[in-house]
**Student:** 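One structure coming up, written as structure tokens, with questions to follow.
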Number of protein chains: 2
Amino acid sequence: MSDLPALSTAQVRRTPTTLADGRDFFYYDDSEPYVSGEQTRRLDDPRPLADRFAPVESADGSTQPVTGPEMRYDVLTGEWVPMASHRMNRPHLPGGNANPLAPAKPGAEYSDGEIPDTDYDVVVFENRFPSLMRVPGASDEVTHLDGDDLYPVRPAVGRCEVICFSPDASASLSSVSPTRMRTIVEAWADRTAALAQIDGVQQVYCFENRGAEIGVTLHHPHGQIYAYPFLTPKTDAMLRQARAHRERTGRNLLRDVLDAELASGRRIVAESEHWVAYVPAAARWPVEVHVAPRRDVPDLPATTDAERTDFAELYLSLLSRLDRFFVDSDGEPMPLPYISGWHQAPASARDDLRLHLQLFSIRRAPGKLKYLAGSESGMGAWISDTTPERIADRLKEIHL
Amino acid sequence: MSDLPALSTAQVRRTPTTLADGRDFFYYDDSEPYVSGEQTRRLDDPRPLADRFAPVESADGSTQPVTGPEMRYDVLTGEWVPMASHRMNRPHLPGGNANPLAPAKPGAEYSDGEIPDTDYDVVVFENRFPSLMRVPGASDEVTHLDGDDLYPVRPAVGRCEVICFSPDASASLSSVSPTRMRTIVEAWADRTAALAQIDGVQQVYCFENRGAEIGVTLHHPHGQIYAYPFLTPKTDAMLRQARAHRERTGRNLLRDVLDAELASGRRIVAESEHWVAYVPAAARWPVEVHVAPRRDVPDLPATTDAERTDFAELYLSLLSRLDRFFVDSDGEPMPLPYISGWHQAPASARDDLRLHLQLFSIRRAPGKLKYLAGSESGMGAWISDTTPERIADRLKEIHL
């Protein structure tokens with residue numbers, strides 16, 4: 001693994017360790033007495049997990065070398081598609097259906113989940129079943145499916161990490177303290193800087209999927225961090241637009257968008273010293289909010305301490321309002337299913353993109369979801385059932 | 001409305017008519033005695049529906065001119081997003097929750113659905129709540145949201161039509177006869193030719209959403225036809241790839257892809273005289289099949305009688321196999337939720353694209369769906385849980 005970046009503040013203590021099967025694991029502790037990794041607690045993971053990269057045993061008793069996930073080039077669209085084509089050791093944990101993100105039980109021989117300690121503030125670790133991974137020693141070579149030039153195939157190197165926002169399985173991100181939220185921002189920034197250094201990684205995406213409606217089956221508050229070995233289609237599209245805009249105007253597209261939102265004010269739903277939250281002018285989801293820094297910064301590692309602290313407060317307030325966006329027939333708030341993720345400039349285009357968070361929901365009314373059917377999934381053509389101004393008006397009328 | 005194209009065969013009789021609120025409605029009858037529009041049946045729609053384009057009455061008694069849907073340019077991605085921003089007359093039908101696609105009841109004063117006749121083979125009509133529509137007399141002018149050059153806005157002209165595959169609400173497309181399937185192909189081709197002539201329309205998409213899992217609440221077998229006033233992102237991506245391929249090789253990309261599949265044979269799941277069905281080499285959905293004609297044709301109107309008849313048979317067989325792709329714990333086949341749609345070359349690029357049908361499902365296992373979460377919906381980066389070869393192997397082992 002590459003050298004770790006320096007943390008931007010002394011408030012958060014990072015403790016790197018390794019899980020029993022070799023995966024990286026990081027504690028981010030934010031307050032004394034630091035809860036994890038102290039002498040009284042164990043740092044090691046004594047679970048009987050096999051080395052992920054040990055040869056795989058076949059039914060006939062022979063062994064085969066481990067292979068990682070591969071990705072195929074979709075020649076129809078120009079996009080890379082990682083595929084679960086790998087052959088890996090996948091031992092089951094003793095805990096069965098236990099919550100794998102819960103802290104270990106005090107006194108247990110070993111954790112039945114992924115956390116080898118009895119408490120934590122925020123932790124980040126490699127996903128046990130990653131779609132993106134580098135198998136040590138495996139070739140990076142481009143091959144061709146069926147030997148056909150039309151169908152390039154490459155190892156899907158990169159990383160998939162999990163970030164736990166709280167040791168409390170019943171918490172939600174909106175319910176953590178501003179200090180803890182600040183630690184999460186610190187962890188996102190720290191992992192972004194570290195993952196960007198991995199050979200082959202082209203961009204890092206920190207995101208949270210929240211709610212059963214978008215397929216989340218594990219309700220412990222957590223997010224994910226993907227380090228992609230390609231530019232994602234969304235980033236690619238934004239780069240094309242940003243470069244065309246710079247050629248035409250000499251200016252940064254996302255700066256101009258923020259200035260346009262500030263000049264109009266019509267869709268702004270929250271402002272703080274360092275950040276602006278607004279519904280984008282062409283919002284395509286039933287609920288969508290972007291949060292952008294006032295200062296031009298390419299990614300989370302480039303934000304200052306003051307910006308991180310300020311974001312933590314603004315974001316918690318925004319999440320709380322979003323959880324009241326829809327109310328049920330009794331007038332009770334309905335926690336919003338949402339996807340929230342950071343668009344960060346890839347290393348190859350630090351001047352063209354600009355950091356911003358995009359949060360959106362597929363809920364279009366209480367009990368009603370927006371499904372991505374023929375037009376959206378077949379043609380990529382979104383059709384909105386509402387308008388950005390209606391979304392902004394609803395958000396503005398919610399007071400905490 | 002433009003002049004209607006000539007039908008390619010005498011087997012199908014098209015009877016155009018108009019619904020009470022002015023919408024176009026077409027019967028496609030395929031066998032004598034033709035069931036609809038005969039003297040003994042009524043062709044007119046006597047329902048008390050208001051003119052869609054009559055001025056809208058406000059709460060204060062004043063009237064305002066009708067406005068159609070608009071679309072906004074998403075400057076971050078370069079895509080147009082139609083929005084439900086219009087102000088229209090939306091009278092409710094007397095029938096309430098009745099199936100609007102069922103034939104009228106014999107003897108009733110008027111239908112409580114959309115079909116003003118007591119039987120039909122196949123019908124096509126304008127959607128009553130379209131996302132794409134031209135309001136007569138409305139300006140086509142590009143304006144700018146907030147007066148800002150970054151945010152172009154245009155009327156979302158175009159059309160949304162509904163196609164009913166059968167008068168039987170409990171049927172499915174896979175259960176219709178080959179003759180009826182052939183009539184459906186004829187209707188798709190006919191409407192594609194007619195809609196492509198509408199001023200401002202850039203491409204036509206005929207598709208079916210099937211199954212509650214993708215949000216279909218009306219189970220009567222039906223599909224939709226969208227005439228878009230822009231090139232959809234998927235078509236735009238395929239055109240970029242096709243043009244780059246032609247520059248590099250001088251050849252048509254989709255022709256080369258079909259030839260590659262034929263040469264490999266590994267992912268072919270059905271073949272007939274005129275068509276080839278295969279799992280694409282970079283399939284991103286848990287189930288995905290493309291069906292391409294052997295001959296180079298840009299769109300459905302360019303197919304011959306023989307090709308249409310042949311497709312009808314191959315497609316029915318494919319749909320039946322797809323409905324056995326997954327079986328429940330008792331070994332019973334589970335009808336597949338799917339999206340199936342025709343990629344047709346837009347008028348502006350008849351040589352670069354090539355007709356093909358794309359059918360895909362979000363079901364990845366019995367009781368399990370692929371959700372489009374952060375990576376897919378936030379970044380446009382699909383991650384497949386399977387491989388194209390596994391999909392093809394499963395389809396090949398299903399015999400009817």
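Not measured: the values here are computed from a predicted model. Heavy-atom basis, side chains included; hydrogens, waters and symmetry copies ignored. Labels below follow one simple rule: chain letters A, B, ... track the order of the sequence lines, proteins then strands, and each chain is numbered from 1.
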**Student:** Is there side-chain contact between Arg191(B) and Val204(B), with at least one heavy-atom pair below 4.5 Å?
**Tutor:**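 Side chain of Arg191(B) against side chain of Val204(B), heavy atoms only: no contact under 4.5 Å found.
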
**Student:** If we only count heavy atoms from C-beta on, is the His290(A) to Glu261(A) side-chain gap below 4.5 Å?
**Tutor:**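 Contact flag for His290(A)/Glu261(A) side chains = no.
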
**Student:** Where do Pro229(B) and Arg154(B) come nearest, in terms of heavy atoms and distance?
**Tutor:**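 Heavy atoms only, the tightest pair is O-NH2, 3.3 Å.
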
**Student:** Would a 4.5 Å heavy-atom cut-off, applied to side chains only, mark Tyr73(B) and Val75(B) as touching?
**Tutor:**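 Side chain of Tyr73(B) against side chain of Val75(B), heavy atoms only: contact under 4.5 Å found.
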
**Student:** Val216(B), Leu239(B), Ile339(B), Leu132(B): which one forms the most heavy-atom pairs within less than 4.5 Å of chain A?
**Tutor:**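 When all of Val216(B), Leu239(B), Ile339(B), Leu132(B) are compared, Ile339(B) has the most.
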
**Student:** Taking Arg284(B), Met238(B), Met71(B) one by one, which has the highest count of heavy-atom pairs under 4.5 Å against chain A?
**Tutor:**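 Ranked by heavy-atom pairs under 4.5 Å with chain A, first place is Arg284(B).
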
**Student:** Taking all atoms of both residues into account, what is the closest heavy-atom pair of Gln224(A) and Asn127(A), and its distance?
**Tutor:**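 Shortest heavy-atom contact: OE1-ND2, 4.2 Å.
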
**Student:** Looking at chain B, which one of Val257(A), Thr249(A), Asp236(A), Ile362(A) has the largest number of heavy-atom pairs inside 4.5 Å, strictly under?
**Tutor:**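 That would be Val257(A).
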
**Student:** Are side-chain heavy atoms of Pro69(A) and Met133(A) found at a separation under 4.5 Å?
**Tutor:**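 Heavy-atom side-chain distance check passes, below 4.5 Å.
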
**Student:** Let's test your reading of the structure: which of Ser264(B), Gly78(B), Ala281(B) forms the most heavy-atom pairs below 4.5 Å with chain A?
**Tutor:**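 Looking at each option in turn, the highest pair count goes to Ala281(B).
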
**Student:** Just so I understand: if I count every heavy-atom pair under 4.5 Å between each of Pro280(B), Ala237(B), Pro388(B), Gly374(B) and chain A, which residue has the most?
**Tutor:**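 Among the listed options, the one with the most contacts to chain A is Gly374(B).
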
**Student:** Val153(B), Ile214(B), Thr235(B): which one forms the most heavy-atom pairs within less than 4.5 Å of chain A?
**Tutor:**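 With the most close heavy-atom pairs to chain A, the winner is Ile214(B).
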
**Student:** Does any backbone or side-chain atom of Leu254(B) lie under 4.5 Å from a heavy atom of chain A? Answer side chain, backbone, both or neither.
**Tutor:**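 Contact with chain A involves the side chain of Leu254(B) alone.
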
**Student:** Glu208(B) versus Tyr338(B): any side-chain heavy-atom pair under 4.5 Å?
**Tutor:**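 Glu208(B) vs Tyr338(B): side chains touch.
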
**Student:** Is it the backbone or the side chain of Phe360(B) that comes under 4.5 Å from a heavy atom of chain A, or both, or neither?
**Tutor:**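 The answer is the side chain of Phe360(B).
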
**Student:** Can you tell me which portion of Asn209(B) sits under 4.5 Å from chain A's heavy atoms? Options are side chain, backbone, both or neither.
**Tutor:**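 Side chain only.
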
**Student:** Could you list which of residues 375-385 of chain A have a heavy atom closer than 4.5 Å to any heavy atom of chain B, in residue-number order?
**Tutor:**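 Only Ser375(A), Ser377(A), Gly378(A), Met379(A), Gly380(A), Ala381(A), Trp382(A), Ile383(A), Ser384(A), Asp385(A) of residues 375-385 of chain A have a heavy atom under 4.5 Å from chain B.
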
**Student:** Need one label for Arg210(B): side chain, backbone, both or neither, based on atoms under 4.5 Å from any heavy atom in chain A.
**Tutor:**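 It is neither, since no heavy atom gets under 4.5 Å.
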
**Student:** Under a 4.0 Å N-O cut-off, is there an ion pair linking Arg266(B) with Asp393(B)?
**Tutor:**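 Salt bridge flag = yes for Asp393(B) with Arg266(B).
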
**Student:** Side chain, backbone, both or neither: which part of Leu372(A) has a non-hydrogen atom closer than 4.5 Å to chain B?
**Tutor:**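 Contact with chain B: backbone and side chain both.
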
**Student:** Quick test of your reading of the model: are Lys370(A) and Glu288(A) salt-bridged, counting only N-O distances below 4.0 Å?
**Tutor:**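 No, Lys370(A) and Glu288(A) are not salt-bridged.
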
**Student:** Any side-chain hydrogen bond (donor to acceptor under 3.5 Å, both in side chains) involving residues 250-259 of chain A? Give me the pairs, sequence neighbours left out, ordered by first then second residue.
**Tutor:**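 Every pair satisfying side-chain hydrogen bond (donor to acceptor under 3.5 Å, both in side chains) with a residue in residues 250-259 of chain A: His245(A)-Asp256(A), Arg251(A)-Asp256(A), Arg255(A)-Asp259(A), Arg255(A)-Asp296(A).
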
**Student:** So, for Ala349(B) and Ala345(B), which heavy atoms are closest and what is the spacing to 0.1 Å?
**Tutor:**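 Heavy atoms of Ala349(B) and Ala345(B) come nearest at O-CB, 3.6 Å.
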
**Student:** As an exercise: rank Thr387(A), Asp148(A), Leu150(A) by heavy-atom pairs under 4.5 Å with chain B and give me the winner.
**Tutor:**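 Option with the top pair count is Leu150(A).
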
**Student:** Taking Glu70(B), Glu79(B), Gln358(B) one by one, which has the highest count of heavy-atom pairs under 4.5 Å against chain A?
**Tutor:**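 Option with the greatest count: Glu79(B).
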
**Student:** I'd like to verify something: which residue of Ala263(A), Ala260(A), Gly341(A) has the highest number of heavy-atom pairs under 4.5 Å with chain B?
**Tutor:**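 When all of Ala263(A), Ala260(A), Gly341(A) are compared, Ala260(A) has the most.
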
**Student:** Could you check whether any side-chain N or O of Gln203(B) sits under 3.5 Å from a backbone N or O of Tyr228(B), counting only pairs where one atom can act as donor and the other as acceptor?
**Tutor:**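 The answer is no, because no donor-acceptor pair under 3.5 Å joins these two groups.
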
**Student:** Are the charged groups of Arg72(B) and Glu389(A) less than 4.0 angstrom apart, N to O?
**Tutor:**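 Salt bridge present between Arg72(B) and Glu389(A).
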
**Student:** Answer with side chain, backbone, both or neither: which region of Ala244(B) has an atom nearer than 4.5 Å to a non-hydrogen atom of chain A?
**Tutor:**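 Looking at Ala244(B), nothing touches chain A.
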
**Student:** Run the salt-bridge test on Arg267(A) and Asp146(B) with the 4.0 Å N-O cut-off and return the result as yes or no.
**Tutor:**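 A salt bridge links Arg267(A) with Asp146(B).
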
**Student:** Using non-hydrogen atoms and a 4.5 Å limit, figure out which bit of Thr77(A) sits close to chain B: side chain, backbone, both or neither.
**Tutor:**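 Thr77(A) touches chain B through backbone and side-chain heavy atoms alike.
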
**Student:** Under 4.5 Å from any heavy atom of chain A, what part of Leu76(B) do you find: side chain, backbone, both or neither?
**Tutor:**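 Both parts, backbone and side chain.
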
**Student:** With a 4.5 angstrom heavy-atom cut-off, is it the side chain or the backbone of Phe230(A) that approaches chain B, or both, or neither?
**Tutor:**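 When you check distances to chain B, only side chain atoms of Phe230(A) fall under 4.5 Å.
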
**Student:** Please answer whether the main-chain N or O of Leu300(B) pairs with a side-chain N or O of Gln344(B) as donor and acceptor at a distance below 3.5 Å.
**Tutor:**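 Here the side-chain-to-backbone pair exists.
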
